[in-house]
Enquirer: 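Take this structure first; my questions come after.
Counting convention: from 1, in listed order, for ligands and their atoms alike.
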Amino acid sequence: MSTDQIVTRFAPSPTGYLHIGGARTALFNWLYARGRGGKFLLRIEDTDRARSTPEATQAILKGLDWLGLDYDGEVISQFDRADRHAEVAHQMLTSGHAYKCFATQDEIQAFRDAARAEGKSTLYQSPWRDADPATHPDAPYVVRLKAPREGVTVIRDQVQGDVTIRNDQLDDMICLRSDGTPTYMLAVVVDDHDMGVTHAIRGDDHLNNAARQQLVYEAMGWDVPVWAHIPLIHGPDGKKLSKRHGALGVEEYQAMGYPARAMRNYLARLGWSHGDDEFFTDEQALAWFDLKGIGKSPARFDFKKLDNLSGQHLAVMDDDEVLAELDAFLAATGQNPLQSQQRQLLSDAMPVLKTGAKTFPQLLEKATFATASRPIEPDEKSAKSLDEVSRGILKELTPQLQNASWNRDTLEGILNGLAEAHGTKFGKLAAPLRAALAGRAVTPSVFDMMLVLGRDETVARLKDASA
Ligand code: GLU
(Lines give C-alpha, C1' and ligand atoms only; values in the text may rest on other atoms or scores of the structure.)
Protein backbone atom coordinates (compact mmCIF):
# COMPACT_ATOMS: atom_id res chain seq x y z
CA MET A 1 0.00 0.00 0.00
CA SER A 2 1.44 3.32 -1.00
CA THR A 3 1.65 5.79 1.86
CA ASP A 4 -0.14 8.33 -0.31
CA GLN A 5 -3.18 6.18 -0.70
CA ILE A 6 -6.39 7.90 0.26
CA VAL A 7 -8.45 6.15 2.90
CA THR A 8 -11.92 7.32 3.83
CA ARG A 9 -14.50 5.73 6.04
CA PHE A 10 -18.15 5.80 6.89
CA ALA A 11 -18.71 5.42 10.62
CA PRO A 12 -22.42 5.19 11.38
CA SER A 13 -23.83 4.59 14.84
CA PRO A 14 -26.26 1.67 14.54
CA THR A 15 -29.14 3.27 16.38
CA GLY A 16 -31.63 3.34 13.49
CA TYR A 17 -31.98 2.95 9.74
CA LEU A 18 -29.53 4.48 7.29
CA HIS A 19 -31.06 7.92 6.90
CA ILE A 20 -30.60 10.18 3.94
CA GLY A 21 -27.91 12.31 5.62
CA GLY A 22 -25.89 9.22 6.52
CA ALA A 23 -26.26 7.86 3.02
CA ARG A 24 -24.94 11.11 1.60
CA THR A 25 -21.96 11.05 3.99
CA ALA A 26 -21.22 7.50 2.91
CA LEU A 27 -21.52 8.46 -0.76
CA PHE A 28 -19.16 11.43 -0.41
CA ASN A 29 -16.54 9.24 1.27
CA TRP A 30 -17.02 6.52 -1.32
CA LEU A 31 -16.75 8.93 -4.25
CA TYR A 32 -13.70 10.62 -2.80
CA ALA A 33 -11.82 7.37 -2.23
CA ARG A 34 -12.96 5.43 -5.26
CA GLY A 35 -12.37 8.35 -7.59
CA ARG A 36 -8.74 8.45 -6.45
CA GLY A 37 -7.87 4.80 -6.31
CA GLY A 38 -8.20 4.88 -2.53
CA LYS A 39 -9.98 2.76 0.02
CA PHE A 40 -13.41 3.21 1.52
CA LEU A 41 -13.86 1.54 4.89
CA LEU A 42 -16.88 0.87 7.05
CA ARG A 43 -16.86 1.10 10.83
CA ILE A 44 -19.92 0.52 12.93
CA GLU A 45 -19.77 2.76 15.99
CA ASP A 46 -21.51 0.41 18.36
CA THR A 47 -19.95 1.47 21.64
CA ASP A 48 -23.27 2.75 22.96
CA ARG A 49 -24.59 -0.67 23.93
CA ALA A 50 -27.96 0.62 25.10
CA ARG A 51 -28.80 2.25 21.79
CA SER A 52 -27.00 0.04 19.27
CA THR A 53 -28.94 -2.83 17.74
CA PRO A 54 -27.97 -5.58 15.30
CA GLU A 55 -31.10 -4.75 13.30
CA ALA A 56 -29.85 -1.22 12.76
CA THR A 57 -26.48 -2.54 11.60
CA GLN A 58 -28.29 -4.81 9.15
CA ALA A 59 -30.39 -1.90 7.89
CA ILE A 60 -27.23 0.16 7.32
CA LEU A 61 -25.52 -2.69 5.45
CA LYS A 62 -28.61 -3.23 3.32
CA GLY A 63 -28.91 0.45 2.57
CA LEU A 64 -25.27 0.68 1.48
CA ASP A 65 -25.69 -2.44 -0.59
CA TRP A 66 -28.70 -1.03 -2.40
CA LEU A 67 -26.86 2.22 -3.05
CA GLY A 68 -23.94 0.25 -4.44
CA LEU A 69 -21.47 1.74 -1.96
CA ASP A 70 -19.10 -1.17 -1.56
CA TYR A 71 -16.47 -0.98 1.15
CA ASP A 72 -13.03 -2.51 1.41
CA GLY A 73 -12.25 -5.28 3.85
CA GLU A 74 -14.35 -6.37 6.78
CA VAL A 75 -16.85 -4.25 8.62
CA ILE A 76 -15.11 -2.97 11.74
CA SER A 77 -16.93 -2.99 15.06
CA GLN A 78 -15.82 -0.19 17.33
CA PHE A 79 -16.99 -2.09 20.39
CA ASP A 80 -14.74 -5.01 19.52
CA ARG A 81 -11.73 -2.74 19.67
CA ALA A 82 -12.23 -1.58 23.27
CA ASP A 83 -8.99 -3.21 24.46
CA ARG A 84 -6.98 -1.32 21.89
CA HIS A 85 -8.64 1.95 22.89
CA ALA A 86 -7.75 1.29 26.53
CA GLU A 87 -4.21 0.49 25.48
CA VAL A 88 -3.87 3.91 23.87
CA ALA A 89 -5.29 5.60 26.97
CA HIS A 90 -2.60 3.87 29.01
CA GLN A 91 0.07 4.94 26.56
CA MET A 92 -1.04 8.54 27.06
CA LEU A 93 -0.85 8.01 30.82
CA THR A 94 2.70 6.75 30.49
CA SER A 95 3.75 9.59 28.22
CA GLY A 96 2.20 12.15 30.54
CA HIS A 97 -0.46 13.26 28.04
CA ALA A 98 -3.19 11.90 30.24
CA TYR A 99 -3.72 11.49 33.97
CA LYS A 100 -5.77 9.51 36.42
CA CYS A 101 -8.59 11.52 37.92
CA PHE A 102 -10.13 10.25 41.15
CA ALA A 103 -12.74 12.99 41.49
CA THR A 104 -16.19 11.77 42.47
CA GLN A 105 -19.42 12.95 40.84
CA ASP A 106 -20.17 14.98 43.96
CA GLU A 107 -16.81 16.72 43.82
CA ILE A 108 -17.28 17.57 40.16
CA GLN A 109 -20.76 18.93 40.88
CA ALA A 110 -19.43 21.01 43.76
CA PHE A 111 -16.74 22.45 41.44
CA ARG A 112 -19.35 23.41 38.89
CA ASP A 113 -21.70 24.96 41.42
CA ALA A 114 -18.89 27.07 42.83
CA ALA A 115 -17.71 28.13 39.36
CA ARG A 116 -21.25 29.10 38.40
CA ALA A 117 -21.68 31.12 41.58
CA GLU A 118 -18.47 33.00 40.79
CA GLY A 119 -19.45 33.49 37.15
CA LYS A 120 -16.52 31.40 35.93
CA SER A 121 -16.36 28.67 33.30
CA THR A 122 -17.99 25.47 34.55
CA LEU A 123 -15.61 23.29 32.53
CA TYR A 124 -14.20 20.92 35.09
CA GLN A 125 -10.59 21.44 36.13
CA SER A 126 -9.41 18.39 37.97
CA PRO A 127 -7.06 18.76 40.95
CA TRP A 128 -5.50 15.44 39.88
CA ARG A 129 -4.08 16.91 36.68
CA ASP A 130 -0.74 17.66 38.24
CA ALA A 131 -0.96 15.43 41.32
CA ASP A 132 2.03 13.36 42.32
CA PRO A 133 1.21 9.70 41.58
CA ALA A 134 2.49 8.93 45.10
CA THR A 135 -0.61 10.71 46.42
CA HIS A 136 -2.98 8.59 44.32
CA PRO A 137 -5.56 6.75 46.41
CA ASP A 138 -6.51 3.16 45.82
CA ALA A 139 -9.86 4.13 44.34
CA PRO A 140 -11.67 4.06 40.99
CA TYR A 141 -10.42 6.62 38.51
CA VAL A 142 -11.07 7.86 35.00
CA VAL A 143 -8.32 8.66 32.52
CA ARG A 144 -8.45 12.25 31.35
CA LEU A 145 -6.57 13.85 28.51
CA LYS A 146 -4.17 16.54 29.72
CA ALA A 147 -5.40 19.12 27.24
CA PRO A 148 -3.50 22.37 26.74
CA ARG A 149 -5.13 25.18 28.73
CA GLU A 150 -3.66 27.99 26.71
CA GLY A 151 -3.48 28.75 23.03
CA VAL A 152 -5.84 27.60 20.36
CA THR A 153 -6.69 24.50 18.39
CA VAL A 154 -7.20 25.11 14.70
CA ILE A 155 -9.23 22.70 12.63
CA ARG A 156 -8.11 23.10 9.05
CA ASP A 157 -11.36 22.10 7.49
CA GLN A 158 -11.66 21.64 3.74
CA VAL A 159 -15.26 22.79 3.76
CA GLN A 160 -15.53 25.22 6.66
CA GLY A 161 -12.08 26.77 6.34
CA ASP A 162 -9.91 27.24 9.42
CA VAL A 163 -11.99 26.90 12.55
CA THR A 164 -10.23 28.19 15.67
CA ILE A 165 -11.22 26.99 19.12
CA ARG A 166 -9.69 28.46 22.25
CA ASN A 167 -8.15 25.72 24.33
CA ASP A 168 -9.58 27.20 27.52
CA GLN A 169 -12.97 26.21 26.11
CA LEU A 170 -12.04 22.55 25.97
CA ASP A 171 -11.89 20.49 29.13
CA ASP A 172 -9.70 17.54 29.98
CA MET A 173 -12.01 15.05 28.36
CA ILE A 174 -12.43 11.57 29.73
CA CYS A 175 -10.80 8.91 27.56
CA LEU A 176 -11.37 5.89 29.78
CA ARG A 177 -14.26 5.55 32.21
CA SER A 178 -13.84 4.22 35.72
CA ASP A 179 -15.02 0.78 34.56
CA GLY A 180 -12.16 0.75 32.06
CA THR A 181 -14.36 1.25 28.97
CA PRO A 182 -13.21 3.80 26.40
CA THR A 183 -15.24 6.87 25.55
CA TYR A 184 -16.53 7.42 22.05
CA MET A 185 -14.27 10.42 21.55
CA LEU A 186 -11.12 8.36 22.17
CA ALA A 187 -12.39 5.39 20.20
CA VAL A 188 -13.00 7.44 17.04
CA VAL A 189 -9.44 8.75 17.00
CA VAL A 190 -7.78 5.42 17.72
CA ASP A 191 -9.90 3.68 15.09
CA ASP A 192 -9.32 6.33 12.44
CA HIS A 193 -5.60 6.20 13.13
CA ASP A 194 -5.38 2.41 13.11
CA MET A 195 -7.50 2.18 9.98
CA GLY A 196 -5.13 4.61 8.26
CA VAL A 197 -7.92 7.10 7.57
CA THR A 198 -6.49 10.05 5.67
CA HIS A 199 -9.72 12.01 5.17
CA ALA A 200 -12.60 12.30 7.64
CA ILE A 201 -15.63 13.48 5.69
CA ARG A 202 -18.68 13.71 7.95
CA GLY A 203 -21.57 15.89 9.11
CA ASP A 204 -20.74 19.28 10.56
CA ASP A 205 -22.47 18.25 13.77
CA HIS A 206 -19.07 16.66 14.50
CA LEU A 207 -17.07 19.85 14.06
CA ASN A 208 -16.90 20.49 17.81
CA ASN A 209 -15.74 16.93 18.38
CA ALA A 210 -12.95 17.46 15.86
CA ALA A 211 -11.20 19.94 18.17
CA ARG A 212 -11.14 17.46 21.05
CA GLN A 213 -10.20 14.61 18.77
CA GLN A 214 -7.35 16.60 17.30
CA LEU A 215 -5.88 16.97 20.79
CA VAL A 216 -5.71 13.19 21.07
CA TYR A 217 -3.89 12.98 17.71
CA GLU A 218 -1.44 15.56 18.95
CA ALA A 219 -0.96 13.80 22.29
CA MET A 220 -0.17 10.57 20.44
CA GLY A 221 1.98 12.28 17.82
CA TRP A 222 -0.24 10.90 15.08
CA ASP A 223 -1.04 12.54 11.73
CA VAL A 224 -4.31 14.41 11.84
CA PRO A 225 -6.61 13.40 8.97
CA VAL A 226 -7.87 15.95 6.48
CA TRP A 227 -11.14 17.21 7.93
CA ALA A 228 -14.19 17.91 5.81
CA HIS A 229 -17.33 18.69 7.77
CA ILE A 230 -20.31 18.88 5.49
CA PRO A 231 -23.39 20.97 6.25
CA LEU A 232 -26.52 19.06 7.15
CA ILE A 233 -29.47 18.59 4.84
CA HIS A 234 -32.53 20.80 5.18
CA GLY A 235 -36.02 20.60 3.71
CA PRO A 236 -36.97 22.65 0.63
CA ASP A 237 -38.31 25.34 2.98
CA GLY A 238 -34.88 25.71 4.59
CA LYS A 239 -36.02 24.14 7.86
CA LYS A 240 -34.50 21.13 9.56
CA LEU A 241 -35.21 17.99 7.56
CA SER A 242 -38.32 16.17 8.78
CA LYS A 243 -40.10 13.01 7.64
CA ARG A 244 -42.41 15.14 5.52
CA HIS A 245 -39.38 16.54 3.69
CA GLY A 246 -37.82 13.19 3.01
CA ALA A 247 -35.87 12.39 6.19
CA LEU A 248 -36.47 8.73 5.61
CA GLY A 249 -34.38 5.62 5.61
CA VAL A 250 -32.78 4.89 2.25
CA GLU A 251 -34.75 1.66 2.05
CA GLU A 252 -37.86 3.80 1.75
CA TYR A 253 -36.43 5.40 -1.37
CA GLN A 254 -35.81 1.97 -2.76
CA ALA A 255 -39.42 1.09 -1.91
CA MET A 256 -40.60 4.26 -3.68
CA GLY A 257 -38.91 2.82 -6.74
CA TYR A 258 -35.99 5.12 -7.44
CA PRO A 259 -33.13 3.46 -9.27
CA ALA A 260 -29.96 3.39 -7.16
CA ARG A 261 -27.90 5.30 -9.69
CA ALA A 262 -30.46 8.12 -9.70
CA MET A 263 -30.31 8.20 -5.93
CA ARG A 264 -26.51 8.39 -6.06
CA ASN A 265 -26.70 11.24 -8.55
CA TYR A 266 -29.23 13.09 -6.42
CA LEU A 267 -27.37 12.55 -3.15
CA ALA A 268 -24.13 13.72 -4.74
CA ARG A 269 -25.85 16.95 -5.71
CA LEU A 270 -27.11 17.44 -2.17
CA GLY A 271 -24.43 19.77 -0.97
CA TRP A 272 -21.88 19.27 -3.72
CA SER A 273 -21.79 20.76 -7.18
CA HIS A 274 -19.79 20.61 -10.34
CA GLY A 275 -20.60 23.71 -12.37
CA ASP A 276 -24.20 23.53 -13.53
CA ASP A 277 -24.23 19.77 -13.94
CA GLU A 278 -27.36 18.20 -12.50
CA PHE A 279 -27.57 14.89 -14.32
CA PHE A 280 -24.44 12.77 -14.35
CA THR A 281 -23.29 9.18 -14.42
CA ASP A 282 -21.31 7.38 -11.75
CA GLU A 283 -18.22 7.63 -13.93
CA GLN A 284 -18.60 11.39 -14.11
CA ALA A 285 -19.27 11.69 -10.37
CA LEU A 286 -16.15 9.64 -9.63
CA ALA A 287 -14.06 11.78 -11.93
CA TRP A 288 -15.46 15.09 -10.70
CA PHE A 289 -16.05 14.68 -6.99
CA ASP A 290 -13.83 16.83 -4.81
CA LEU A 291 -13.98 18.60 -1.47
CA LYS A 292 -13.84 22.05 -3.07
CA GLY A 293 -17.25 21.56 -4.59
CA ILE A 294 -18.94 21.01 -1.23
CA GLY A 295 -21.06 24.03 -0.29
CA LYS A 296 -20.90 25.79 3.04
CA SER A 297 -24.62 26.19 3.49
CA PRO A 298 -27.09 23.37 4.13
CA ALA A 299 -28.37 21.58 1.04
CA ARG A 300 -32.12 21.43 0.49
CA PHE A 301 -33.85 18.17 -0.12
CA ASP A 302 -36.25 18.38 -3.02
CA PHE A 303 -38.37 15.46 -4.23
CA LYS A 304 -39.08 17.20 -7.54
CA LYS A 305 -35.40 17.23 -8.40
CA LEU A 306 -35.03 13.62 -7.38
CA ASP A 307 -37.99 12.64 -9.57
CA ASN A 308 -36.61 14.55 -12.45
CA LEU A 309 -33.16 12.96 -12.23
CA SER A 310 -34.71 9.56 -11.73
CA GLY A 311 -36.71 9.89 -14.96
CA GLN A 312 -33.56 10.90 -16.82
CA HIS A 313 -31.63 7.93 -15.48
CA LEU A 314 -34.36 5.43 -16.28
CA ALA A 315 -34.48 6.72 -19.83
CA VAL A 316 -30.78 6.08 -20.42
CA MET A 317 -30.35 2.87 -18.44
CA ASP A 318 -29.65 -0.36 -20.32
CA ASP A 319 -32.72 -2.58 -20.52
CA ASP A 320 -30.93 -5.28 -18.55
CA GLU A 321 -30.00 -2.83 -15.83
CA VAL A 322 -33.62 -1.69 -15.57
CA LEU A 323 -34.82 -5.28 -15.30
CA ALA A 324 -32.22 -6.16 -12.68
CA GLU A 325 -33.15 -3.16 -10.55
CA LEU A 326 -36.81 -3.88 -11.09
CA ASP A 327 -36.28 -7.39 -9.72
CA ALA A 328 -34.61 -5.91 -6.64
CA PHE A 329 -37.44 -3.40 -6.26
CA LEU A 330 -40.10 -6.14 -6.42
CA ALA A 331 -38.22 -8.25 -3.90
CA ALA A 332 -37.64 -5.31 -1.53
CA THR A 333 -41.31 -4.39 -1.60
CA GLY A 334 -42.51 -7.96 -1.14
CA GLN A 335 -44.10 -8.22 -4.59
CA ASN A 336 -44.16 -11.31 -6.76
CA PRO A 337 -41.13 -11.79 -8.95
CA LEU A 338 -41.63 -11.45 -12.70
CA GLN A 339 -42.75 -14.61 -14.48
CA SER A 340 -40.62 -15.44 -17.48
CA GLN A 341 -43.35 -14.48 -19.92
CA GLN A 342 -43.93 -11.14 -18.17
CA ARG A 343 -40.23 -10.58 -18.18
CA GLN A 344 -40.09 -11.16 -21.91
CA LEU A 345 -42.97 -8.80 -22.50
CA LEU A 346 -41.42 -6.15 -20.30
CA SER A 347 -38.17 -6.57 -22.05
CA ASP A 348 -39.85 -6.20 -25.46
CA ALA A 349 -41.71 -3.15 -24.25
CA MET A 350 -38.73 -1.59 -22.49
CA PRO A 351 -37.96 1.14 -25.02
CA VAL A 352 -41.54 2.34 -24.64
CA LEU A 353 -41.60 1.97 -20.85
CA LYS A 354 -38.30 3.57 -19.97
CA THR A 355 -39.19 6.98 -21.28
CA GLY A 356 -41.55 9.09 -19.24
CA ALA A 357 -41.50 6.93 -16.10
CA LYS A 358 -39.77 8.39 -13.05
CA THR A 359 -39.93 5.41 -10.73
CA PHE A 360 -40.42 1.66 -10.97
CA PRO A 361 -44.08 1.82 -9.90
CA GLN A 362 -44.68 4.29 -12.73
CA LEU A 363 -42.84 2.03 -15.13
CA LEU A 364 -44.94 -0.95 -14.04
CA GLU A 365 -48.07 1.12 -14.38
CA LYS A 366 -47.09 1.91 -17.96
CA ALA A 367 -46.31 -1.75 -18.47
CA THR A 368 -49.73 -3.00 -17.36
CA PHE A 369 -50.76 -3.42 -20.97
CA ALA A 370 -47.83 -5.78 -21.50
CA THR A 371 -48.03 -7.72 -18.26
CA ALA A 372 -51.83 -8.05 -18.02
CA SER A 373 -53.38 -11.27 -19.22
CA ARG A 374 -56.64 -11.65 -21.15
CA PRO A 375 -59.40 -10.94 -20.79
CA ILE A 376 -58.38 -7.36 -20.00
CA GLU A 377 -60.63 -5.86 -17.36
CA PRO A 378 -61.12 -2.20 -18.25
CA ASP A 379 -61.04 0.12 -15.24
CA GLU A 380 -64.01 2.38 -14.59
CA LYS A 381 -62.78 5.28 -16.65
CA SER A 382 -61.71 3.33 -19.71
CA ALA A 383 -64.85 1.15 -19.63
CA LYS A 384 -66.84 4.27 -20.50
CA SER A 385 -65.12 4.57 -23.85
CA LEU A 386 -66.14 1.05 -24.86
CA ASP A 387 -69.68 1.99 -25.87
CA GLU A 388 -71.81 0.34 -28.58
CA VAL A 389 -70.41 2.51 -31.38
CA SER A 390 -66.78 2.04 -30.53
CA ARG A 391 -67.21 -1.67 -30.02
CA GLY A 392 -68.64 -1.76 -33.54
CA ILE A 393 -65.59 0.06 -34.88
CA LEU A 394 -63.21 -2.34 -33.08
CA LYS A 395 -65.12 -5.24 -34.65
CA GLU A 396 -64.57 -3.74 -38.05
CA LEU A 397 -60.89 -3.28 -37.31
CA THR A 398 -59.97 -6.82 -36.38
CA PRO A 399 -60.26 -8.40 -39.85
CA GLN A 400 -58.19 -5.54 -41.29
CA LEU A 401 -55.44 -6.31 -38.82
CA GLN A 402 -55.39 -10.02 -39.53
CA ASN A 403 -53.42 -9.71 -42.74
CA ALA A 404 -51.70 -6.36 -42.28
CA SER A 405 -47.93 -6.09 -42.15
CA TRP A 406 -47.11 -5.48 -38.53
CA ASN A 407 -45.30 -2.18 -38.62
CA ARG A 408 -46.06 1.34 -37.52
CA ASP A 409 -46.75 2.80 -40.97
CA THR A 410 -49.22 0.13 -41.96
CA LEU A 411 -51.00 0.24 -38.63
CA GLU A 412 -51.22 4.02 -38.76
CA GLY A 413 -52.62 3.79 -42.27
CA ILE A 414 -55.29 1.29 -41.23
CA LEU A 415 -56.40 3.22 -38.17
CA ASN A 416 -56.47 6.56 -39.94
CA GLY A 417 -58.43 4.99 -42.79
CA LEU A 418 -60.94 3.54 -40.39
CA ALA A 419 -61.35 6.84 -38.58
CA GLU A 420 -61.91 8.61 -41.89
CA ALA A 421 -64.50 6.05 -42.96
CA HIS A 422 -66.40 6.93 -39.78
CA GLY A 423 -66.03 10.65 -40.38
CA THR A 424 -63.80 11.12 -37.39
CA LYS A 425 -60.13 11.45 -36.43
CA PHE A 426 -57.81 8.78 -35.10
CA GLY A 427 -57.87 10.54 -31.73
CA LYS A 428 -61.46 9.39 -31.29
CA LEU A 429 -60.45 5.78 -31.74
CA ALA A 430 -57.59 6.01 -29.30
CA ALA A 431 -59.69 5.80 -26.11
CA PRO A 432 -61.54 2.58 -26.99
CA LEU A 433 -58.31 1.09 -28.28
CA ARG A 434 -56.55 1.92 -25.02
CA ALA A 435 -59.44 0.40 -23.12
CA ALA A 436 -59.34 -2.77 -25.22
CA LEU A 437 -55.58 -3.20 -25.21
CA ALA A 438 -54.72 -2.02 -21.70
CA GLY A 439 -57.96 -1.53 -19.79
CA ARG A 440 -56.81 1.98 -18.94
CA ALA A 441 -57.24 5.51 -20.13
CA VAL A 442 -53.59 6.45 -19.73
CA THR A 443 -51.19 4.17 -21.58
CA PRO A 444 -48.23 4.30 -23.92
CA SER A 445 -49.17 5.13 -27.52
CA VAL A 446 -51.64 2.78 -29.18
CA PHE A 447 -49.11 1.89 -31.89
CA ASP A 448 -46.39 1.19 -29.37
CA MET A 449 -48.73 -1.15 -27.56
CA MET A 450 -49.77 -2.95 -30.72
CA LEU A 451 -46.19 -3.41 -31.83
CA VAL A 452 -45.16 -4.77 -28.44
CA LEU A 453 -48.17 -7.07 -28.12
CA GLY A 454 -47.92 -8.41 -31.63
CA ARG A 455 -50.72 -9.30 -33.99
CA ASP A 456 -52.27 -12.30 -32.26
CA GLU A 457 -52.50 -10.74 -28.83
CA THR A 458 -53.73 -7.42 -30.24
CA VAL A 459 -56.45 -9.05 -32.29
CA ALA A 460 -57.47 -11.29 -29.39
CA ARG A 461 -57.80 -8.32 -27.04
CA LEU A 462 -59.81 -6.35 -29.59
CA LYS A 463 -62.12 -9.31 -30.05
CA ASP A 464 -62.55 -9.68 -26.30
CA ALA A 465 -63.47 -6.02 -25.98
CA SER A 466 -65.86 -5.92 -28.93
CA ALA A 467 -67.64 -9.19 -28.21
N1 GLU B 1 -20.87 7.72 14.53
C2 GLU B 1 -21.00 9.08 14.15
C3 GLU B 1 -22.40 9.31 13.60
O4 GLU B 1 -23.06 8.38 13.24
C5 GLU B 1 -19.99 9.50 13.10
C6 GLU B 1 -18.65 9.75 13.66
C7 GLU B 1 -17.61 10.19 12.66
O8 GLU B 1 -17.88 10.18 11.44
O9 GLU B 1 -16.53 10.53 13.10
O10 GLU B 1 -22.83 10.45 13.53
Enquirer: With side chains defined as the heavy atoms from C-beta onward, is the minimum distance between His199 and Val7 less than 4.5 Å?
Expert: no

Enquirer: Is a side-chain donor-acceptor pair under 3.5 Å present for Trp227 with Gln214?
Expert: yes

Enquirer: Could you tell me which residues satisfy ring pair (Phe, Tyr, Trp, His ring centres under 6.0 Å) with Tyr184, sequence neighbours excluded, listed by chain and number?
Expert: none

Enquirer: What's the separation between atom CG in Asn208 and atom NE2 in His206, rounded to the nearest 0.5 Å?
Expert: 11.0 Å

Enquirer: Distance under 4.0 Å, heavy atoms only, partner ligand 1: which residues pass?
Expert: Arg9, Ala11, Pro12, Ser13, Glu45, Tyr184, Val188, Arg202, His206

Enquirer: Under the criterion side chain to side chain donor-acceptor pair (under 3.5 Å), which of Arg129, Arg144, Lys146 is the partner of Asp172?
Expert: Arg129

Enquirer: If you measure only the distance, is there a donor-acceptor pair under 3.5 Å linking the side chains of Arg261 and His313?
Expert: yes

